[in-house]
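Scroll down for the structure; my scribbles are underneath it.
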Amino acid sequence: MSSSTPIIDIREVRKTYDDGPAALDGLSLTVRAGEALAVLGPSGSGKSTLLNLIAGLDRPTGGSVTVDGVRVDQLGETGSARFRRERIGMVFQFFNLLDDLTVTDNVLLPSQLVGAGRAQARARAAELLDLLGIARHARAYPGRLSGGERQRVAVARALMNRPALLLADEPTGALDTASGAEVRELLTELNDDGQTILLVTHDLALAEACASRTIELVDGHIVRDVGGGGTAARPGRGHGGHADGTAGGSAAVAR
Amino acid sequence: MSALGKVVRAGVGRRRVQTVVMVLTTMTAVTASIMAGGLVVASRAPFDHAFAEQHGAHLTGRFDGTKATGAQIAATAHTAGVTAAAGPFAVVSASPRFASDGMVMEGLPPLTIAGRAAGGGPVDAVTLDQGHWVTGPGQIVLTKAEDGPVMGRVGGTVSFPGLPGKPSLTIVGLARSVSRTADAWVAPAEIPALTGPRATPSYEMLYRFAHAGTGAELSRDRDALAAAVPRGALTGTASYLATKHTADQETATFVPFIVAFGVLGLVMSVLIIGIVVSGAVSAGTRRIGVLKSLGLTPGQVGRAYVGQALIPATVGTASGVVVGNLASVPLLAQASDAYGAASLTVAWWLDLAVPAGVLALVVASALAPALRAARLRTVEALAIGRTPRVGRGRLAARLASRLPLSRALTLGLAGPFARPARSATIWAAVAFGAIGVTFAFGLGSSLSAIQNGLNRDAPGEVAVDTFAPPSGPPPGGGPSHRPAPADAAAVGRAIAAQSGTAGYFGTGHQRATFTGVPGAVDVTTYRGDSSWGALQMVSGHWLDGPRQLVVGRRFLEAAGKHVGDTVTLEGDGRSVQMRIVGEALTVDGSGMRVAADTAAFTALGADTRPDTYQVHLAHGTDRAAYLRDLNTALRPVGVTAVGQSSQVSGTVIAMDTMIAMLTVMLVAVAGLGVLNTVVLDTRERVHDLGVMKALGMAPRQTVAMVVTSVAGIGAVAGVVGVPLGIALHDYVIPAMGTAAGTHIPPSDLHVYHPLPVLLLALSGLAIAVAGALLPATWSARTSTASSLRTE
Ligand SMILES: Nc1ncnc2c1ncn2[C@@H]1O[C@H](COP(=O)(O)OP(=O)(O)OP(=O)(O)O)[C@@H](O)[C@H]1O
Ligand SMILES: [Mg+2]
């Protein structure tokens, strides 16, 4: 995959909710494969809205959204569901695990939705749980896990189908400092392995550690775009590199 | 508006689907209850109701016009004990001849015709079913016969060939008189034209009395009337008690079926209201927690939720009363046809009792879970829906996930186990629906099978009466006389010689006396091979040899005999032993009708020439051509062959209509219960559903998952409901037979064949899927982004 291929190409997107002010107002954005983009901005600035449009969870009022070559804004409900399960992994602030399924079953869900082979899916899930350090909770129910562990399960679930794009909406927002740091490291490692990530956050430390590029939204406009020019804008980090050795364990995770 | 009022209003307004479902449910439940209750109440005493409504005559007095003057007869209205009276009406008796559509009916028993200017009045306010009352000369209104064929229709004519001038009248109306005071009515001025030359003028007076509950009271009333007119002027009286007895027995036939449906309807209504209301409140447990955290007391919470439930319930109840009364109009019209009573209406107290009961039920169903939720510690209430309900349904979820089905389906299958109480109630609602459908199917099938069985008394596609029509009017206009018999043997030979005849036999009619059986018994004698035209057998076998007898249940009971016993046929000093070889389905002659081989009667010396030949045609024979050819051959003998088709009685049509309406109600109620549960479920799990959609669950998969979550329940409910429905049918049908005085042949009872049972077993599944489809589609359509925003 060429690092210059735009994986997200958003042009002049507008989104208004029932006659309210525009949540996104003529926003354009291009994200290349392999980038880790952090979206910052005050509450209500349209960050989650942007994420929803990219994931095909909602449709823009105007403009176009192309993700991995797919015109997401033109997909129907079934099409966008298929698009999500094949190309997108999502991580949320409040984990959004299904409480009545075990950790393994939660992680298996995306592959079951695409109808993947059972044995293969189980192997993949076990591998992910192992690599994310939560293998011993495989048969537990999410209610028993700590916040950090839950978010790791959510990440494992998001990676299950090897998505082209990982979307994360405030992945550390509901975590204490220590758990937040765990998740931060995890995402950084994933990106180091080539996973394209778009993450919405208030957590400057997360943005700084993980993102190769940062944009800031205010009232539905991009008011700042930092680090988008180079492939290695993040100081001290290079794609595919394992300079500090911490990502060694996750080398096989994303691909 | 008070804080509480705001909470209530928001609770109603915010949950629109919930509110609509609540309105619909209470409406359907009230409608069903009023319909079912109305039928049950009406079936308790339809005669009494109709009698009261028409101010039926307790006694109809006949007076001899030569022995008392009109004024004297009219004065009997002031006899002690009389509370209302009508008349005197001049009465004549004349033998009619009906002509319509080229068909002529004559040789009929004479009609009692009263000269009456108006159908209404203080006594015997006759109900017009069709047409209008007589407005002048040349018109006649006939009583609508409650079973039997309609003699004439509005617009047809009836003539009286036995009277001088052969008067002919136009039928302008059909009416019902519950007290059966006359067979027909004409304008008073018409009476002289209908009076024969030697007939004595006769009058009838209709009375209601203060005391007329028993035969003894009525005979005291009768004595008082007789004393009020010159001796011998009161020639006869007819008491309503005899009519009532016959009518009540007819009604009794329906009661088991109506009550069964009524009880099903009421249980369903109670169940469904419980499900919907308590479900709605329970679903609001978290909201209750929030309200309490804001400082509402449990009492206030209870009141808020009762109020929240009562607003839609009241709207639904009010509409239900209206709809129920409207829907009852055709239903009760059918019932009144079946009962042979005048039109019925919903009892007024039902319109009060049903809404009151329903609203009380709503309050109770809302209060219980609201108070329970209100008594929960606030933290717990707040936690509901947030924290997993540990352990529930997890085993089921694991087992389901192993099934070789798509994940959407296995997730759905495990769903019910996570909410066992709700699943149980919905299961019950669907099971009752399945019971209703199964019962209705069996009832309908059995009734039509029984109807076919009763039609077996005239089994041939073609019938030939061996009596030639009379050559002229009977002398003197007397009662019907027996037309001249044709040569029965010649008729038989002509039928046998006709190509296309596959079988034929002759039937005759005898009145016979059997030792140990009170009264004379109507006997149909069979001559020839009648095996193809056998009555439906309850036990034993059909006639296949000399001196055999097939009887109905009443006969066996009256004679104290069993199939296989012998009875003695008596006649003219001789007697013949006959063997009862079988019990058959029959309700003719109050179930006393007997079928016998001719030989025994021949031995007694009776005239056993057949009255009628029943002819069975070879397969593929064109009946019209056959009739033409046979009639040509029969012309010298002087008789005519006619086509015969099995007739469906109005009673069966009425029952079928009632069955259909009640089944639709039951299924609708069950479906609404499912719909409501699925609405609650998907709303509660909207967040989880959102997560799944975010993970890429397509709309079809979502619909499949939601539908499967109740499909399993529905399937199980169907499987359980079917045997219960069959059991109900197997109880009700014989009970109806008992009321009608017959046992039901096994062939009419065993209508649940494998294929229909399989389909019926799927009815639960069908109800569940139908009820779930709409909310499943809604939930698939809900915006994922906003579902994820909801907590
Ligand atoms: N489903 C919705 N219906 C109506 N308005 C909405 C909806 N979703 C978002 N909005 C509005 O759109 C604007 C942007 O919301 P959005 O959720 O994107 O903000 P955000 O940047 O994610 O905020 P936060 O940091 O608080 O999560 C807000 O004004 C919000 O009220
Ligand atoms: Mg947000």
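Only heavy atoms go into these numbers, but all of them, side chains included; no hydrogens, no water, no symmetry mates.
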### Message
Counting heavy-atom pairs under 4.5 Å with chain B, which one of A:R84, A:R82, A:M160 comes out on top?
### Response
A:R84
### Query
Please, which pairs that meet side-chain hydrogen bond (donor to acceptor under 3.5 Å, both in side chains) have at least one residue in residues 164-173 of chain A, sequence neighbours excluded?
A:S48-A:D169, A:E170-A:H202, A:T172-A:D203
Between side-chain atoms of residues 764-780 of chain B and protein atoms elsewhere (two or more places apart, or another chain), which donor-acceptor pairs fall under 3.5 Å?
residue : atom : partner : partner atom : Å
B:T777  : OG1  : B:L773  : O            : 2.5
B:S779  : OG   : B:A776  : O            : 3.0

### Query
Contact part of A:S80 toward chain B, heavy-atom cut-off under 4.5 Å: side chain, backbone, both or neither?
neither
### Query
Which bit of A:F83 comes within less than 4.5 Å of chain B, counting heavy atoms only: side chain, backbone, both or neither?
neither
### Query
Counting a contact as any heavy-atom pair under 4.5 Å apart, which residues of residues 134-142 of chain A contact chain B?
A:R139, A:Y141
### Task
Mark yes when over 12 heavy atoms from residues, nucleotides or ligands other than A:R71 sit less than 6.0 Å from its CZ; otherwise mark no.
yes
### Query
At a heavy-atom separation under 4.5 Å, does A:I88 approach chain B through its side chain, its backbone, both, or neither?
neither
### Message
Only pairs of heavy atoms separated by less than 4.5 Å count here; which of A:D58, A:L101, A:L98, A:D105 has the most with chain B?
### Response
A:L98
### Contacting region of A:N96 [heavy-atom separation from chain B under 4.5 Å]
both
### Task
Indicate the atoms forming the closest heavy-atom contact of B:A698 with A:A81, along with that distance.
CA-CB, 3.4 Å
### Message
Tell me if the CG atom of A:D219 is crowded by more than 12 foreign heavy atoms within 6.0 Å.
### Response
no
### Task
Apply the test side chain to side chain contact (heavy atoms under 4.5 Å, CB included) to residues A:E77 and B:T702: give CA-CA distance (whole Å), side-chain angles for both, the deciding distance (0.1 Å), then the verdict.
CA-CA 11 Å; A:E77 278 298 313; B:T702 311; over 6 Å; no
In a table with atom names and distances, give each donor-acceptor pair under 3.5 Å that connects a side chain of residues 110-122 of chain A to protein atoms at least two apart or in another chain.
residue : atom : partner : partner atom : Å
A:S111  : OG   : A:L108  : O            : 2.8
A:Q112  : OE1  : B:R407  : NE           : 2.8

